Amino acid sequence: MNSTKPGKVYLVGSGPGDPELLTLKARRLIDEADVVVYDQLPGEQILSSIPEGTEKIDAGKYAGSHTLKQEQINQALVDKAKEGKKVVRLKGGDPYVFGRGGEEAQVLVSHGIKVEVVPGITSAIAAPAYAGIPVTHRDHASMVTFITGHEDPTKEDSALDWDTLARFGGTIVILMGVSMLPRNVSELLKHGKDPATPVALIERGTRPDQRTTVGTLDNIVKLAKERGVKAPAITIIGGVVTLHDELGEIK
Ligand code: SAH
């Protein structure tokens with residue numbers, strides 16, 4: 001191998017977990033890569049399809065704090081690319097929808113490393129779709145917003161404007177929202193959102209063990225607790241959730 005030729009990092013979206021939702025480009029790059037740096041979000045079915053001879057780096061296994069972990073992942077990407085390797089950084093869903101893909105790209109660019117993004121199907125749309133919930137629908141919502149549910153509640157200037165969100169007439173999709181569900185629901189209610197607003201939680205969307213829990217703003221926290229809802233899950237809030245019964249779940 002020619003180590004003087006600079007390598008390249010492909011920031012590849014794996015889609016939400018169903019291997020058939022991987023793009024053709026993602027499949028080709030995974031099969032051609034020298035190194036695949038991954039975390040657990042793509043799911044077992046996709047991760048087990050990385051070819052045998054490929055060097056695999058489990059980014060989730062890097063020890064230390066969250067920030068340190070991210071720095072180490074960045075460093076691994078930079079080092080491997082500098083060795084002249086073709087590197088796939090495999091990320092769940094779409095690489096630029098939450099999950100710090102944009103930051104990873106910036107670090108690589110700042111080190112003079114070539115980066116190419118390969119968009120993936122985001123769980124924010126696919127998990128609801130597999131649960132029979134279109135994120136928009138002419139009768140229910142002509143707008144949709146994607147928010148992080150994991151924001152630190154002690155942060156002084158919240159990036160989330162709960163007042164606007166409570167008044168928002170479209171669909172609200174929350175990613176990383178399981179641990180903060182009680183806080184997020186109570187913020188929406190406190191700011192005047194109708195307690196009868198339909199809510200669905202979709203765990204492990206598009207995977208064989210996908211599970212959907214449907215309720216309303218005033219009972220979803222209790223339901224989530226009773227059913228032991230765990231990450232990764234999408235929270236979807238709004239009238240479109242009522243279509244779940246009619247359109248049904250893809251299994
Ligand atoms: N880039 C990813 C999101 C990364 S943030 C994407 O586009 O899908 C991580 C969050 O994504 C999780 O906490 C969860 O809310 C959501 N998520 C990812 N895959 C999921 C899946 N298969 N089912 C449900 N939620 C999922």
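Remember, predicted model here, so these are calculated numbers, not experimental data. Numbering of ligands and ligand atoms starts at 1, following listing order.
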Inset, instruction - Can you sort out which atoms of ligand 1 are near Ile202, meaning under 4.0 Å from one of its heavy atoms? - result: 24 (C)
Legend entry - Side chain, backbone, both or neither: Pro232 near ligand 1, heavy atoms under 4.0 Å: both
Legend entry - Polar contact flag for Gly177 and ligand 1 (N/O pairs, less than 3.5 Å): no
Inset, instruction - State whether Arg28 and Glu32 are salt-bridged, where the test is any N-O pair (Lys NZ or Arg NE/NH1/NH2 against Asp/Glu carboxylate O) under 4.0 Å. - result: yes
Legend entry - Spacing of OH belonging to Tyr38 relative to CD1 belonging to Ile50, to within rounding of 0.5 Å: 6.5 Å
Legend entry - Heavy atom of Gly92, distance to ligand 1 below 4.0 Å: yes
Inset, instruction - First locate atom CG of Leu165, then atom CD1 of Ile147, and finally report the distance between them rounded to the nearest 0.5 Å. - result: 5.0 Å
Inset, instruction - Inspect the contact between Lys230 and Glu203 and indicate whether a charged nitrogen and a carboxylate oxygen are less than 4.0 angstrom apart. - result: no
Inset, instruction - Do me a favour and list the nearest non-hydrogen protein atom to atom 7 (O) of ligand 1 with residue, atom name and distance? - result: Thr122 OG1, 2.7 Å
Inset, instruction - With the side chain counted from C-beta on, respond yes when Ser49 and Arg27 share a heavy-atom pair under 4.5 Å apart, and no when they do not. - result: yes
Inset, instruction - Write out the residue and atom name of the closest protein heavy atom to atom 10 (C) of ligand 1, then the distance separating them to 0.1 Å. - result: Met176 CG, 3.7 Å
Legend entry - Shortest protein heavy-atom distance from atom 3 (C) of ligand 1, along with the residue and atom involved: Val97 O, 3.4 Å
Legend entry - Under 3.5 Å: N/O of Asp94 near N/O of ligand 1: yes
Inset, instruction - For Arg207, counting its heavy atoms only, list the atoms of ligand 1 lying under 4.0 Å from any of them. - result: 22 (N)
Inset, instruction - May I ask you to decide whether Glu187 forms a salt bridge with Arg183, counting only side-chain N to carboxylate O separations under 4.0 Å? - result: no
Inset, instruction - Closest by any non-hydrogen atom to atom 9 (C) of ligand 1: pick that one out of Leu21, Leu175, Leu41. - result: Leu41
Inset, instruction - Find the distance between OG1 (Thr235) and CE (Met176) and round it off to the nearest 0.5 Å. - result: 11.0 Å
Inset, instruction - Examine ligand 1 and decide if any of its atoms is less than 4.0 Å from a heavy atom belonging to Ala231. - result: no
Inset, instruction - Examine the side chains of Glu249 and Gln210 and answer whether a donor and an acceptor come within less than 3.5 Å of each other. - result: yes
Inset, instruction - From the options Gly99, Ala233, Gly93, Ser123, select the one whose nearest heavy atom is closest to atom 20 (C) of ligand 1. - result: Ser123
Legend entry - Distance-only N or O hit between ligand 1 and Gly205, under 3.5 Å: yes
Legend entry - Mode of Arg204 contact toward ligand 1 - side chain, backbone, both, neither (heavy atoms, under 4.0 Å): backbone
Inset, instruction - Answer yes when Glu55 and Lys80 have at least one side-chain N-carboxylate O distance shorter than 4.0 Å, and no when they do not. - result: yes
Inset, instruction - Report yes if the side chains of Ile46 and Leu22 come closer than 4.5 Å at any heavy-atom pair, otherwise no. - result: yes
Legend entry - Heteroatom distance test (Ala124, ligand 1): nitrogen or oxygen, under 3.5 angstrom: no
